[in-house]
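Have a look at the structure below before the remarks.
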Amino acid sequence: MYFSKHFFIAGTVLLALLFSCKKESDTVDPLLLGNWSDGNSKYTFSQNLTFGIKYLRSGTATEAVVTDSIWGKYSVDNKRSNIYFEASQLTEKKQPQQVVNRRISLPVWNYSFTTDSVLNYSSNSIKGQLRKIKK
């Protein structure tokens with residue numbers, strides 16, 4: 001009886017701790033949703049937390065560039081203004097019809113909006129600005 005009572009109490013405390021530590025998913029800022037471009041790439045952020053990147057290359061790209069597009073899921077941390085990418089699929093420049101399932105490491109973006117049509121982002125390796133593509 002003594003063991004059962006303490007086991008129940010310990011289990012209840014453990015469950016309370018687990019649920020209190022669970023990170024609530026942040027809602028996506030409506031300004032982020034839609035199509036964005038920097039002239040070289042087109043980024044799409046959807047309401048269902050999926051994203052796509054399409055590389056827009058004019059002329060002849062170097063042979064070192066092999067990726068045509070990347071997509072996967074993203075999440076946001078509104079308190080820190082961060083976007084986390086979980087890229088899981090890509091297509092290659094040589095075979096854009098063939099989808100390759102591969103985990104791709106992308107940097108975490110810290111973002112801000114200058115206006116409703118200008119998105120500034122930075123990571124450990126890059127700083128950039130995207131403009132919203134109007135329909």
Side-chain angles (χ1 to χ4, degrees):
M1 180 78 170
Y2 175 78
F3 179 74
S4 297
K5 201 182 280 186
H6 280 87
F7 181 73
F8 176 75
I9 292 170
T12 304
V13 169
L14 182 62
L15 285 174
L17 285 172
L18 286 173
F19 284 111
S20 67
C21 294
K22 183 180 177 188
K23 181 185 181 298
E24 294 296 320
S25 60
D26 286 330
T27 57
V28 177
D29 187 329
L31 288 177
L32 180 62
L33 301 177
N35 296 315
W36 298 84
S37 180
D38 61 3
N40 295 317
S41 306
K42 177 183 171 190
Y43 294 81
T44 302
F45 294 95
S46 300
Q47 180 71 40
N48 65 359
L49 298 177
T50 59
F51 78 93
I53 304 170
K54 173 72 175 163
Y55 296 100
L56 311 170
R57 298 185 181 98
S58 59
T60 309
T62 65
E63 289 303 313
V65 179
V66 296
T67 305
D68 183 60
S69 59
I70 297 173
W71 62 94
K73 295 180 180 183
Y74 73 96
S75 60
V76 293
D77 180 344
N78 291 327
K79 292 177 185 167
R80 293 183 180 95
S81 297
N82 287 341
I83 302 173
Y84 300 91
F85 296 98
E86 296 176 38
S88 58
Q89 295 179 312
L90 64 90
T91 57
E92 295 178 346
K93 182 178 74 169
K94 294 177 187 173
Q95 298 174 322
Q97 301 84 5
Q98 183 178 348
V99 175
V100 178
N101 293 313
R102 182 184 329 152
R103 190 174 185 98
I104 303 114
S105 295
L106 295 175
V108 174
W109 282 6
N110 182 266
Y111 72 96
S112 64
F113 295 100
T114 305
T115 67
D116 62 347
S117 61
V118 177
L119 169 68
N120 297 300
Y121 65 92
S122 63
S123 70
N124 291 340
S125 59
I126 194 167
K127 262 186 159 175
Q129 188 175 72
L130 301 174
R131 297 202 178 275
K132 192 141 201 179
I133 300 172
K134 304 289 183 187
K135 289 185 179 184

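Side chains included, hydrogens not; waters and symmetry mates left out as well; all remaining heavy atoms used. Count residues from 1 along the sequence.
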Is it the case that over 12 heavy atoms from other parts of the model lie below 6.0 angstrom from the NZ atom of Lys42? no
Distance check, rounded to the nearest 0.5 Å: Ile70 atom CD1 versus Ile104 atom CD1? 5.0 Å
Can you tell me which residue among Tyr111, Tyr74, Tyr43, Trp109 is in a ring pair (Phe, Tyr, Trp, His ring centres under 6.0 Å) with Phe85? Trp109
Would you find more than 12 non-hydrogen atoms of other residues, nucleotides or ligands less than 6.0 Å from Asn101 atom CG? yes
CD/Glu92 to CZ/Arg102 distance, rounded to the nearest 0.5 angstrom? 6.0 Å
Gap between atom NZ of Lys134 and atom CG of Asn35 - 0.5 Å precision: 11.5 Å
Does the side chain of Tyr121 come within less than 4.5 Å of Ile126's, by heavy atoms? yes
Could you measure the distance from the OG atom of Ser112 to the CG atom of Asp29? Nearest 0.5 Å is fine. 11.0 Å
Can you list the steps and then say if Asn40 with Tyr55 is a side-chain contact (heavy atoms from CB on, under 4.5 Å)? CA-CA 6 Å; Asn40 295 317; Tyr55 296 100; over 6 Å; no
Work out which heavy atom in Phe51 is nearest to a heavy atom in Lys73; give both atom names and the distance. CE2-O, 3.3 Å
Decide yes or no on side-chain contact (heavy atoms from CB on, under 4.5 Å) for Leu32 and Val76, but give the supporting numbers first. CA-CA 10 Å; Leu32 180 62; Val76 293; 4.1 Å; yes
Find out whether Val28 and Leu49 are in side-chain contact, i.e. whether some heavy atom of one side chain is under 4.5 Å from a heavy atom of the other. yes
Are Val118 and Ile83 connected in the hydrophobic side-chain network, where two residues link if heavy atoms are under 4.5 Å apart? no
Measure the CZ-CG distance between Arg103 and Leu90 for me, rounded to the nearest 0.5 Å. 13.5 Å
Is the CD atom of Gln47 crowded by more than 12 outside heavy atoms at less than 6.0 Å? no
Would a hydrophobic clustering, with Ile, Leu, Val, Met, Phe, Trp and Tyr connected at side-chain separations under 4.5 Å, put Ile133 with Leu119? no
One should read off an interatomic distance between Lys127 NZ and Asn110 CG, to the nearest 0.5 angstrom, of 10.0 Å
Do side-chain atoms of Lys132 reach the backbone of Leu31 as a donor and acceptor pair under 3.5 angstrom? yes
Run the salt-bridge test on Asp38 and Arg131 with the 4.0 Å N-O cut-off and return the result as yes or no. no
Does the side chain of Thr91 reach to within under 4.5 Å of the side chain of Val100, using non-hydrogen atoms? no
Flag side-chain contact, heavy atom, 4.5 Å: Leu56 against Ser37: yes
Side chains of Thr44 and Thr50: closer than 4.5 Å at any heavy-atom pair? no
Answer yes if Phe45 and Tyr84 sit in the same cluster of Ile, Leu, Val, Met, Phe, Trp and Tyr residues linked by side chain heavy atoms under 4.5 Å apart, and no otherwise. no
